[in-house]
Amino acid sequence: MDVMAVRTFVAVADAGQFQEAAAGLSITPQAVSKRVAALEKELGVRLFIRDARGARLTIDGQAFLPHARTFLHSAERATASVRAGRRALRVDVIGRRLSLAGLLRGFHLAHPEIELDVVTLFDSDTAIAAVRDGTIDATFRAVTMPGRSLPRDVEATSVFDEPLHLFTGPRHEFANAPALTPAQLAGRRIWMPGNLPGTEWAAYYDELATTFGIIIDSVGPDFGIEPLLDTIAGSTTLATFVSERTPLVWPVGHDLRRIPLKDPIPLYPHSLIWRTHDPHPSLAALRSHLTAAYPGRPNGATWTPEWTRARH
């Protein structure tokens, strides 16, 4: 249904005259007549009776008028939802229980006036394709997968290099260590059932394992973080990796331990990725906020995979 034709119908109904409606719409009376005639043809009914006093609604016109007003209101809301500055900024954070969600929440607290639409896409290829196609405005990812590069119309900037911790139960051999080096984990089994082949995080931990002789065990199934914590808490041999700012809460009886890694500190490099010509005005505010909040890399020796180093 033609929005302009419906708007013209409502204008005539409110004015009671075609000529007055034409003046209000800044068009000619002939254009008003054509629009109303086209709408009447589409609906298959007569909407107005024209006489010396002006234009009066028919019974069908009276029935159609409240629905026409609702239609115009909906059309205006639909237009406003994508008008520059009005559509919510759509950002992928991989997982709502990871540190990236905290980064985005920090932006929201600093800019509560900017509406956000937070989504969780699975793998890097899907997320970058969504950025390129305009399905989302930005994503947080490790850049880039081994042997791949970003599309020409997609950009990235580092926003957070997150240190890794070893996560163990209270009876694990390293449970009471104040800190560990990656070399001390050589030959140890690190259980990470969420490491699925083809994901950027699996590629990260595969290179970490190769570099330091660590055994990454991704045998599943992956039932989520709570079952993983339950298993780690009761094991003397299993441990896992968690990022420094990953928010975790566990029962007191689990007595789980987070042990920092150093010499070198393994860093998981998070970047913000966006389409070069994305017109959303709030995207620049997000980039500026993250750039200003970027703490830089920790002092001392650090480690990241070879395929992420060009970004830095």
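Throughout, residue positions are numbered sequentially from 1 according to the sequence presented.
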Colleague: Tell me, yes or no, whether the heavy-atom count around H111 atom NE2, taken from other residues, nucleotides or ligands under 6.0 Å, exceeds 12.
Modeller: yes
Colleague: Give a yes or no on whether a salt bridge exists between D161 and R297, defined as a side-chain N under 4.0 angstrom from a carboxylate O.
Modeller: yes
Colleague: Provide the closest heavy-atom pair for L121 versus R141 in the form atom of the first, atom of the second, distance.
Modeller: O-NH2, 3.0 Å
Colleague: Salt bridge check: are R275 and D133 linked by an N-O gap of less than 4.0 Å?
Modeller: no
Colleague: Can you tell whether the side chains of D153 and R132 come within less than 4.0 Å, N to carboxylate O?
Modeller: no
Colleague: Would R245 and E162 pass as an ion pair if we require N to O under 4.0 Å?
Modeller: no
Colleague: Parallel, tilted or perpendicular: which fits the ring planes of Y268 and Y205, with parallel below 30° and perpendicular above 60°?
Modeller: tilted
Colleague: Please check if atom CG in N299 has more than 12 non-hydrogen atoms from other residues, nucleotides or ligands closer than 6.0 Å.
Modeller: no
Colleague: Considering residues at least two apart in sequence or located in another chain, which fulfil the side-chain hydrogen bond (donor to acceptor under 3.5 Å, both in side chains) criterion with R7?
Modeller: none
Colleague: Tell me whether the guanidinium CZ or amine NZ of R50 lies under 6.0 angstrom from the six-membered ring centre of F18 and within 45° of its axis.
Modeller: yes
Colleague: With sequence neighbours excluded, give me every salt bridge (Lys or Arg N to Asp or Glu O under 4.0 Å) pair touching residues 9-35.
Modeller: D14-R69
Colleague: Apply the hydrophobic cluster definition, ILVMFWY joined by side-chain contacts under 4.5 Å directly or through others, and give me every member besides L267.
Modeller: I265
Colleague: For the pair F9 and F64, name the ring-plane relationship: parallel under 30°, tilted 30 to 60°, perpendicular over 60°.
Modeller: tilted
Colleague: Between R258 and E244 (salt bridge meaning N to carboxylate O under 4.0 Å), is one present in this structure?
Modeller: no
